[in-house]
Amino acid sequence: MKRILISALVLLLAGWSMAAADNEDGSRLWLRLDNANATATITGVKGTAMTELQTYWQGGPVVLKRQKGMGQDGYTIKSQGGKTLITAANDAGLLYGAYHLLRLQQTGQSCEGLDIKEQPAYDLRILNHWDNPNGTVERGFAGKSIFLNPDPVRMKTYARANASIGINGTVLNNVNASPQALSTESLQKAKGIADQLRPYGIRVYLSINFASPIKLGGLKTADPLNAEVISWWKDKVNEIYRLIPDFGGFLVKANSEGEPGPQDFGRTHADGANMLAEVLRPHKGIVMWRAFVYAPQSNDRANQAYLEFMPLDGQFADNVIIQIKNGPIDFQPREPYSPLFTAMQKTPMMVEFQITQEYLGAANHLVYLAPMWKEFFSFVKPASLKAMAGVANIGDDINWCGHHFAQANWYAFGRLAWNPQLSSKEIAEEWLTQTFSLQGNNKSEMLSVMLDSREACVSYMMPLGIHHIFAGTHHYGPEPWYAPKGVRADWTPPYYHKADAVGLGFDRTTTGSGNVKQYPETLCQLYNDINSCPENLLTWFHHVPWDYRMKSGRTFWDELCHKYDEGVHATRRFLAVWDAMQPYVDSQRFNEVQHKLRIQARDAEWWRDACLLYFQTFSHRPIPQDVEHPVHNLDEMMQFKIRIGMYENPESGYTK
Ligand code: GCW
């Protein structure tokens, strides 16, 4: 009897511990570190690096040493006489070295015979949160702002996660900035957050509303050359630095999408940026001035940033960095790089990537973004940039990013900002190994899903250079037909796809909008000729006739149908691969990811069928026999609407 009881107890305990292991909610991100059994012997500089190692390092003694000679944030890790020595010029460098060591441990790599030297590519590796004062997050798909009521435990995980991948700056609020962001009350709050992030080497920055002197300060103008305005900014900046002595600086969206800016007062972007730069200079603060500008009267939105900023090349103060989105339009699944990057020669520039998936299926689609960012770096030399910014995909959802696999994009952003030479595969593998405990073939299968996911998304949403055919305002799902009366043309898909009886695509050649001329000569020639233009950008640069012969031998129309269909089949494969992971993944995360992959597979069909049926009204050609045919008709699809704002993730996608 006693034995039976004991065995029952053992079984119960075993069951309980399995259930515990069986229930991961994703809140630990990739930092699923076990506490070290015994306190490890760590000596040297005190600080966060030491605490992290003492808590999680399972190996032999580690010595942390500050040593001149390395650049900012760089470090070396060396195995020496039975010890591991981490050296760096600053504390942050030691912290990054400590996380490197923990990463080796967590990914099961050897921690013996180490001789590592790392120096980040950029001094500034920064997240941009588009968080509003009321807690909503513009294009946020993972709940409310984590900064609304900053919870110390969450703040600590946020700080650790960022530091573990080298992120060292964070802009706390939306670029569509409320003037209230600079109120004394908000600044007190920012100070509280800065205090929590500082031990992890993270500085805070704020987005500002250019009209703050009027809206917050009660002045009559915000003209950047007006003495009263300048003195208002000086006082404000002094107030900020009294509270946050290491405050990083301002991010500014000016004269863009209705936001105020220097042009409202007859001044240029340079006048505006330089005024703020001078005010911040004594405190060593910087200005990140965005180049995301476009006006409804332009015949080609892709031309505009170049047209507005090129004449100002060389006119910006040296503590201004022009922050440019990777593509010339707006974070589409595929864009060519923004030509400003190779055109501007005398201006410090940084790239803005969008980690949050505004145009890539929000938090419902598994799309690993490193391949997209690497594609950008295959055109723009990393060394030509000063810094890297990423629009965060973080919210107060328990798993931080809405989709467990969206955490990989936060991770990849940080790793690439540290070292843009890392491959998408290396990063994915690191992340996957730390985040899920998959082994061998299972790991390879999931890696291939991650690595294929971006191209799949391009295929089922907008293959062959198509862009901006999303549903109006919230941008979830297809609406290539969306063009309500009164809405600016450049906010409607027909402006971009230009489908007609002849073909599809935006003529940006020298005889069209001339956009190709903004690229260096060799690329200009390559893109200008329909026969040499890469097919994955074909309709970006050309109005392609329906019967144009593609490299595959198919007509353009047939190729389009095949591409959409390939995308759909890829999502089904992703789901099938994941389904086979069930025995190897804790049930909570398994079920949550499966649920999302099912949405994605249905959404992919929605995209394919809606787009092909709609474009067919122009092409008047049949969908090829070997392509799966739509089960809905176009009218049904046009009536289906998802009713959400720009602050939420749709619970489900296409449900008809
Ligand atoms: O991508 C677009 C978004 C806007 C955003 C804007 C920008 C913050 O649709 O929501 O506003 O770009 O980057 O400024």
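What you see is a predicted model, and the numbers here were worked out from it, not measured in a lab. FYI, the numbering just counts along the sequence from 1.
Ring centroids of F341 and F376 are separated by less than 6.0 Å, placing the two rings close together. Taking the centre of each ring, F640 and H632 stay at or above the 6.0 Å mark. For an aromatic pair to be called close, the ring centres must be under 6.0 Å apart, and Y482 with H475 fails this. The aromatic ring centres of Y337 and F379 sit less than 6.0 Å apart. For W418 and Y122, the ring centers sit 6.0 Å or farther from each other.
Looking only at atom types and distance, the side chain of H562 has a donor-acceptor partner in the side chain of D626 under 3.5 Å away.
In this structure, NE2 in H365 is found 7.5 Å from CD1 in I599, a value given to the nearest 0.5 Å. In this structure, L385 CG and L124 CG are separated by 12.0 Å, a value rounded to the nearest 0.5 Å.
With T571 contributing its side chain and A604 its backbone, the two residues share no donor-acceptor pair below 3.5 Å. Here the side chain of E648 pairs a donor or acceptor atom with the backbone of G645 at under 3.5 angstrom. At least one donor-acceptor pair under 3.5 Å links the side chain of W546 to the backbone N or O of D500. Of the possible polar contacts, one joining the N173 side chain to the S207 backbone as a donor-acceptor pair under 3.5 Å is found. Side-chain atoms of D264 never come within 3.5 Å of backbone atoms of P260 as a donor-acceptor pair (strictly under, hydrogens ignored). Side-chain N or O atoms of D123 include none that pairs as donor or acceptor with a backbone N or O of A387 at under 3.5 Å.
Considering all non-hydrogen atoms of both residues, V287 and A273 come closest at CG2-O, 4.0 Å. The two residues R301 and I329 have their closest heavy-atom pair at NH2-O, 3.5 Å. The two residues A362 and N649 come nearest to each other via the heavy atoms CB-OD1, 3.1 Å. The two residues P478 and W607 make their nearest non-hydrogen contact at CB-CE3, 3.4 Å. Heavy-atom minimum distance, P494 versus A483: CG-CB, 4.1 Å. Summarising the geometry of A370 relative to S424, their closest heavy-atom pair is C-OG, 3.5 Å, with the distance given to 0.1 Å.
Salt bridge annotation for R415-E426: absent, with no cationic side-chain nitrogen under 4.0 angstrom from a carboxylate oxygen. Salt bridge status for K253 with E259: absent, with no side-chain N to carboxylate O gap under 4.0 Å. Between K641 and E479, at least one side-chain N (NZ, or NE/NH1/NH2) sits under 4.0 Å from a carboxylate O, which counts as a salt bridge. Taking 4.0 Å as the cut-off between side-chain N and carboxylate O, R621 and D547 count as a salt-bridged pair. Here K498 does not pair with D507 in a salt bridge; the nearest charged N to carboxylate O distance is not below 4.0 Å.
Under the 4.5 Å side-chain criterion, counting only non-hydrogen atoms from C-beta, W481 is not in contact with P493.
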Audit row: Y527, Y519, ring pair (Phe, Tyr, Trp, His ring centres under 6.0 Å) steps and yes/no
CA-CA 9 Å; Y527 293 152; Y519 290 89; 5.4 Å; yes
Go through F377 and E375 one step at a time and tell me if the side chain to side chain contact (heavy atoms under 4.5 Å, CB included) criterion holds.
CA-CA 5 Å; F377 281 123; E375 188 170 294; over 6 Å; no
Before giving the answer on side chain to side chain contact (heavy atoms under 4.5 Å, CB included), spell out for D271 and F265 the whole-Å C-alpha distance, their side-chain angles and the decisive distance to 0.1 Å.
CA-CA 10 Å; D271 294 328; F265 311 95; over 6 Å; no
Verify side chain to side chain contact (heavy atoms under 4.5 Å, CB included) between M450 and W431, making sure each step is shown before the conclusion.
CA-CA 11 Å; M450 288 176 75; W431 175 82; 3.6 Å; yes
With side chain to side chain contact (heavy atoms under 4.5 Å, CB included) as the criterion, how do M350 and I324 come out once you've worked through the C-alpha distance, each side chain's angles and the decisive distance to 0.1 Å?
CA-CA 6 Å; M350 62 195 284; I324 310 166; over 6 Å; no
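Within a 6.0 Å sphere centred on NZ of K381, other residues, nucleotides and ligands contribute 12 heavy atoms or fewer. For K563, the NZ atom is loosely surrounded, since the number of other residues' heavy atoms within 6.0 Å does not exceed 12.
Applying the ring-ring contact (aromatic ring centres under 6.0 Å, His included) rule to F618 yields the partners Y614; only residues at least two apart in sequence or on another chain are considered. Scored by the ring-ring contact (aromatic ring centres under 6.0 Å, His included) test, W130 finds no partners at all (sequence neighbours excluded). Scored by the side-chain contact (heavy atoms from CB on, under 4.5 Å) test, E628 finds D565, H569, R572, R608 as partners (sequence neighbours excluded). A142 is linked by a side-chain contact (heavy atoms from CB on, under 4.5 Å) to D397, counting only residues two or more places apart in sequence or in another chain.
For residues 298-333, the ring-ring contact (aromatic ring centres under 6.0 Å, His included) pairs, not counting sequence neighbours, are H269-F309.
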Using atom types as modelled, flag every donor-acceptor pair under 3.5 Å from a side chain in residues 461-473 to any protein atom, sequence neighbours excluded.
from: H467; atom 1: ND1; to: G465; atom 2: O; distance (Å): 2.9
from: H467; atom 1: NE2; to: R508; atom 2: NH1; distance (Å): 3.2

